[in-house]
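Here the structure is laid out as structure tokens; the discussion comes afterwards.
Within every chain, numbering begins at 1; the chains are lettered A, B, ... in the order of the sequence lines, protein sequences first and strands thereafter.
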Amino acid sequence: MPELPEVETTRLGLKPLLKKTIQEMVVRDHRLRWPIDVNIKNIIKNKVIHDVKRRAKYLVFVLDEGFLLIHLGMSGRLSIVSKKENIKKHDHVDFIFQDSELLLRFNDPRRFGSIHYEEKEIEQHFLIKHLGLEPLEKEFNSDYLFKKSRKKTQCIKNTIMDSRVVVGVGNIYASESLFLAAIKPTRRSGSMTKYECERLVAAIKKIIGDAIKMGGSSINDYASANGSLGYFQQEHKVYGKAGFPCSQCGQLIVKKVLGQRSSFFCKQCQK
DNA sequence: CTGTAGACCTGGAGGC
DNA sequence: TGCCTCCAGGTCTACA
């Protein structure tokens, strides 16, 4: 999927939908990570989109009443396209608007994405309520990570990818952040010093912040809502670079599976 | 409570 | 060309 910077890039690309009224939601395939509730299309009909926010990797459409919650999973994409645009494979859902030649199209080959409606408090939704801090908020700091990592025996990479601790640190940015902080992904979380937590928090904020500024990582032609491509993938220092020399020291980058996910790092630079 | 493996699903790449 | 295996941006759920 899109990692957090890609979701944020998508969110920014959805601005043209503000103040538009949803005329119809067309569901061609309801079989997403959770089946799309058959009632949603009736509930959101004629509602106005007042804002599009983001919590973790969830896009939150603020309607007159209630919220539409969309997750892109691994391969999901939201694009604003012309009503005349041909329907392609995996174009599962369309949102059609009143007085508009454009529509919002949800495409997701692997169907790990999801679409939910929450009537009341979005923070109480079952997919949202357990979530930890946003990486860019100031409460996510070295004191917090140090406290959270105490007594943990798991690898630090798994801890920073745990959404109950901090959200939005996906597989690419976890490897990149650990490289920038010069910390081995296999380090036991409980062994992290206060200073290392400080470096890691700073690295996560820098990597994610920079990636957002650059429009995300366009792996496999990932594109934002307006079709533009991101450039952050050109900045990857270790992710997907197994066997290539480290940009810092020249030693070959290695790949190791942690928590069933590929992790990339430099044995020389990361301790 | 913690940590890990399995599950969901499609498609592309590479080997034979 | 076809078939097989492996791998992929996420994260919930079950189980030890």
Donor-acceptor pairs are to be reported for all side-chain atoms of residues 253-262 of chain A against protein atoms at under 3.5 Å, with residues two or more places apart or in another chain.
none

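- Here dG10(C) presents its P atom at 14 Å from CG of Leu131(A), a figure rounded to the nearest Å.
- Separating the C1' atom of dG12(B) from that of dT11(C) is a span of 23 Å, rounded to the nearest Å.
- Looking at Lys129(A) and Glu123(A), no side-chain N of the basic residue comes within less than 4.0 Å of a carboxylate O on the acidic one, giving no salt bridge.
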Nucleotides 8-14 of chain B: protein proximity per nucleotide (B base, S sugar-phosphate only, - neither; heavy atom, under 4.0 Å): BBBS---

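- The side chain of Glu3(A) lies closest to dG9(C), out of dG9(C), dG3(B), dT4(B).
- When rounded to the nearest whole Å, the span between CG of Asp162(A) and C1' of dT11(C) equals 10 Å.
- Between Phe61(A) and Phe95(A), the ring-plane angle classifies as parallel under the 30° and 60° cut-offs.
- Under 3.5 Å, the side chains of Lys89(A) and Asn107(A) contain no donor-acceptor pair of N or O atoms.
- Using a distance-only test at 3.5 Å, with no hydrogens or angles considered, a donor-acceptor pair links the side chain of Arg150(A) to the main chain of Gly190(A).
- Going from atom CG of Asn158(A) over to atom P of dG10(C) covers 13 Å, rounded to whole Å.
- Straight-line distance between the C1' atoms of dG9(C) and dG3(B): roughly 23 Å, to the nearest whole Å.
- Comparing Ser262(A) and Leu127(A) by the nucleotide of DNA chain C whose heavy atom lies nearest to each, the residue mapping closer to the 5' end is Ser262(A).
- Atom CG of Leu258(A) and atom P of dG3(B) are 14 Å apart (whole Å).
- Taking the nucleotide of DNA chain C with the nearest heavy atom to each of Met161(A) and Phe126(A), the more 5' of the two is matched to Met161(A).
- Distances shown here put a side-chain N or O of His130(A) below 4.0 Å from the OP1 or OP2 atom of dC12(C).
- Checked by atom type, the side-chain pair Gln98(A)/Asn46(A) shows a donor-acceptor distance below 3.5 Å.
- Here dC7(C) is the nucleotide among dT4(B), dC7(C), dG9(C) with the atom lying nearest to any side-chain atom of Lys255(A).
- The side chain of Gln260(A) sits closest to dA5(B) out of dA5(B), dA8(C), dC12(C).
- The separation between Lys129(A) atom NZ and dT11(C) atom P is 18 Å, rounded to whole Å.
- Contact annotation: Arg261(A) does not reach the phosphate of dT11(C) (side-chain N/O to OP1 or OP2, under 4.0 Å).
- One interatomic measurement links the two molecules: CD1 of Ile128(A) to P of dC12(C), which rounds to 9 Å at whole-angstrom precision.
- Look at NZ on Lys152(A): it is 12 Å from P on dC1(B), rounded to the nearest Å.
- The pair Glu134(A)-Arg55(A) meets the salt-bridge criterion, since a charged nitrogen lies less than 4.0 angstrom from a carboxylate oxygen.
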Which is it for Arg77(A) and Asp108(A) under the side chain to side chain contact (heavy atoms under 4.5 Å, CB included) test, yes or no, and what are the steps along the way? CA-CA 6 Å; Arg77(A) 189 183 297 197; Asp108(A) 186 6; over 6 Å; no

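- Residues Val201(A) and Val165(A) share a hydrophobic cluster, clusters being chains of Ile/Leu/Val/Met/Phe/Trp/Tyr side chains in contact below 4.5 Å.
- Between Ser75(A) and dG10(C) there is no side-chain polar atom (N or O) within less than 4.0 angstrom of OP1 or OP2.
- Salt bridge absent: Asp162(A) and Lys148(A) never bring a charged side-chain N and a carboxylate O closer than 4.0 Å.
- As a whole-Å value, the separation of Asp108(A) CG from dG9(C) P is 15 Å.
- Under the Watson-Crick or G-U wobble criterion, with both distances below 3.5 Å, dC15(C) is paired with dG3(B).
- DNA chain B lies under 4.0 Å from no heavy atom of any residue of residues 143-151 of chain A.
- Nearest nucleotide to the side chain of Gln154(A), out of dG6(B), dG3(B), dC12(C): dG3(B).
- Residue-level contact check: Tyr58(A) touches the backbone only, with heavy atoms under 4.0 Å from sugar-phosphate atoms and none from bases.
- The aromatic ring centroids of His116(A) and Phe126(A) lie less than 6.0 Å from each other.
- A sub-4.0 Å separation between OP1 or OP2 of dT11(C) and a side-chain N or O of Ser163(A) is absent.
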